[in-house]
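What follows is a short report on a single structure.
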Amino acid sequence: MIKILSANTDKNAIFKRTEPKIDVTAIVKEILENVKEKGDIALYEYTQKFDGAKLESLLVSQEEIDEAIKSVDPEFIRVLKKASENIKLFHSAQKREGFEVKNLDGAIVGQKIIPIEKAGLYVPGGTASYPSTVLMDAIPAKIAGCEQVVMVTPPDKNGKINPVILASASVAGVDKIYKVGGAQAIGALAFGTQTIPKVDKIVGPGNAFVAEAKKQVFGQVSIDMIAGPSEILIVADKDNDPKYIASDLLSQAEHDKMASAVLITDSIDFAKRVSDEIENQIPLLLRAEIARASIDDNGKIIVAENLDNAIELANLLAPEHLELCLENPFIYLDKIKHAGSVFLGKNCPEAMGDYIAGANHTLPTSGTARFSSALSVDDFIKKTQYIYYSRDALEKSAKDVEYFALKEGLTAHAKSAVIRVTENE
């Protein structure tokens with residue numbers, strides 16, 4: 001049963017987050033080294049060992065993609081395309097342009113926006129397949145202008161990829177898809193193999209092995225973030241329907257046994273009603289066992305003194321998903337300082353952001369919303385500066401550069417500026 005806590009209780013109980021129970025550092029290090037050394041051979045071996053699939057090819061063929069699209073319900077294709085258009089609309093607004101200005105001496109300084117060349121997307125398999133993740137990761141990369149967007153995802157025991165994943169990749173415009181998952185897939189993207197190209201950035205969520213692999217290859221390649229267990233925080237007053245709030249909490253609890261579902265309310269009576277409703281709804285879920293473990297181990301209802309206190313606690317928790325189930329949520333929006341994505345009002349469950357609204361659902365977890373943001377077009381670009389000095393502009397500032405450089409004891413720096421304006425005097 002979900003725990004009900006007072007906002008005045010032990011703060012450690014309120015702010016405690018789930019932490020991984022196993023250390024996979026050494027295992028992942030060995031896998032990455034093996035992939036770096038043996039390339040495709042290691043990928044085939046690990047795919048047979050971990051996924052039970054003996055593959056003839058790592059690359060998903062166009063025939064497999066076409067077959068998958070034909071096998072998927074046309075209604076799902078329609079929904080995919082609608083979601084895709086909303087995601088494109090939102091992320092197209094994120095595109096930025098370069099700029100050029102003149103500094104105080106009249107020199108030209110500017111910035112170019114350049115897309116990264118190759119992006120690698122990791123799409124999980126395992127207990128659930130998430131075609132929505134394909135859209136959320138691939139479309140911003142395409143909008144940014146990446147030359148090549150490749151995807152890795154684990155196959156089933158028959159060497160097949162879930163058709164809905166392939167259909168999503170087709171709608172999103174993914175260029176190449178490979179049948180490999182786990183830490184070995186991250187290694188393939190980071191180092192390159194005979195079949196899989198080395199990419200410039202890896203994005204996408206995964207299990208503890210994937211997260212650790214991303215951590216270990218960072219520097220060799222860029223990554224989006226180290227994603228922890230999914231989490232939702234709901235701020236709701238007593239005027240909400242407890243059935244709605246319970247279902248929103250369970251929408252995250254069913255993700256993973258380590259997922260976190262938290263409600264902050266200003267009413268102890270409402271807290272108890274939501275708790276009762278959670279118990280009513282769990283047995284009806286397809287993933288009831290997972291939701292049960294998540295709620296029992298990580299679920300919390302915190303009773304705050306008032307809504308301002310609730311917002312204060314929400315900022316301290318810095319959640320991945322934050323629902324403001326309040327009558328006038330926009331009043332509180334400017335008070336939110338730390339959240340991956342905010343869902344406003346009583347008609348906007350977090351699931352709207354997962355699938356159809358258009359804002360990205362790859363979000364910072366574990367309190368990292370204090371300093372990081374949702375995946376965006378910005379994750380797939382570089383900003384390159386440029387500088388141009390005319391002779392006149394150089395003459396206006398060479399002595400200043402000399403003075404500054406000598407303060408740092410860098411005489412060659414100083415000379416490189418003044419030699420150009422003094423050698424002919």
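Considering NE2 of His255 and CZ of Arg287, their distance stands at 8.0 Å, rounded to 0.5 Å. Rounding to the nearest 0.5 Å places OG of Ser341 at 10.0 Å from CD of Glu323.
Ala211 and Ile226 get closest at one heavy-atom pair: O-CD1, 3.6 Å. Considering all non-hydrogen atoms of both residues, Ala167 and Ile77 come closest at CB-CD1, 3.9 Å.
A side chain to side chain contact (heavy atoms under 4.5 Å, CB included) with Ile202 is found for exactly one of Ile186, Val152, Val210, Asp224, namely Ile186. Across Cys325, Pro329, Cys348, a single residue satisfies side chain to side chain contact (heavy atoms under 4.5 Å, CB included) together with Phe343, and that is Cys348.
Under the 4.0 Å criterion applied to side-chain N and carboxylate O atoms, Asp248 and Lys346 are not assigned as salt-bridge partners. In this structure, Glu67 does not pair ionically with Lys70, as no charged nitrogen and carboxylate oxygen lie closer than 4.0 Å. A salt bridge links Glu33 with Lys29: the distance from a Lys NZ or Arg NE/NH1/NH2 to an Asp or Glu carboxylate oxygen falls below 4.0 Å. Taking 4.0 Å as the cut-off between side-chain N and carboxylate O, Glu402 and Lys399 count as a salt-bridged pair. Using a cutoff of 4.0 Å between basic side-chain nitrogens and carboxylate oxygens, Glu312 and Lys335 are not scored as salt-bridged. Using a cut-off of 4.0 Å between Lys/Arg side-chain N and Asp/Glu carboxylate O, Lys257 and Glu289 are scored as salt-bridged.
Formation of a donor-acceptor pair under 3.5 Å by the Ser92 side chain with backbone atoms of Leu89 is not found in this model. Judged by distance alone, with hydrogens and angles left aside, the side-chain atoms of Asp266 form no donor-acceptor pair with the main-chain N or O of Ala304 at under 3.5 Å. Under the 3.5 Å distance criterion, the side-chain polar atoms of Gln94 are matched with a main-chain donor or acceptor of Val377. Looking at Lys198, its side chain does come within 3.5 Å of a backbone N or O of Ala190 through a donor-acceptor pair. Side chain of Thr265 to backbone of Ala236: a donor-acceptor contact under 3.5 angstrom is found.
Between Tyr122 and Pro154, the closest side-chain pair of non-hydrogen atoms falls below 4.5 Å.
For Asn103 and Tyr389, the side-chain atoms include at least one donor-acceptor pair closer than 3.5 Å. Using modelled atom types and a 3.5 Å distance limit, the side chains of Ser132 and Asp354 yield no donor-acceptor pair. Under the 3.5 Å distance criterion, with hydrogens and angles disregarded, a donor-acceptor pair is assigned to the side chains of Gln252 and Ser230. For Gln62 and Asp66, the side-chain atoms include at least one donor-acceptor pair closer than 3.5 Å. Neither side chain, Asp392 nor Ser390, offers a donor N or O lying under 3.5 Å from an acceptor on the other.
Under a cut-off of 6.0 angstrom, the local environment of NZ in Lys176 is sparse, with at most 12 non-hydrogen atoms contributed by other residues, nucleotides or ligands.
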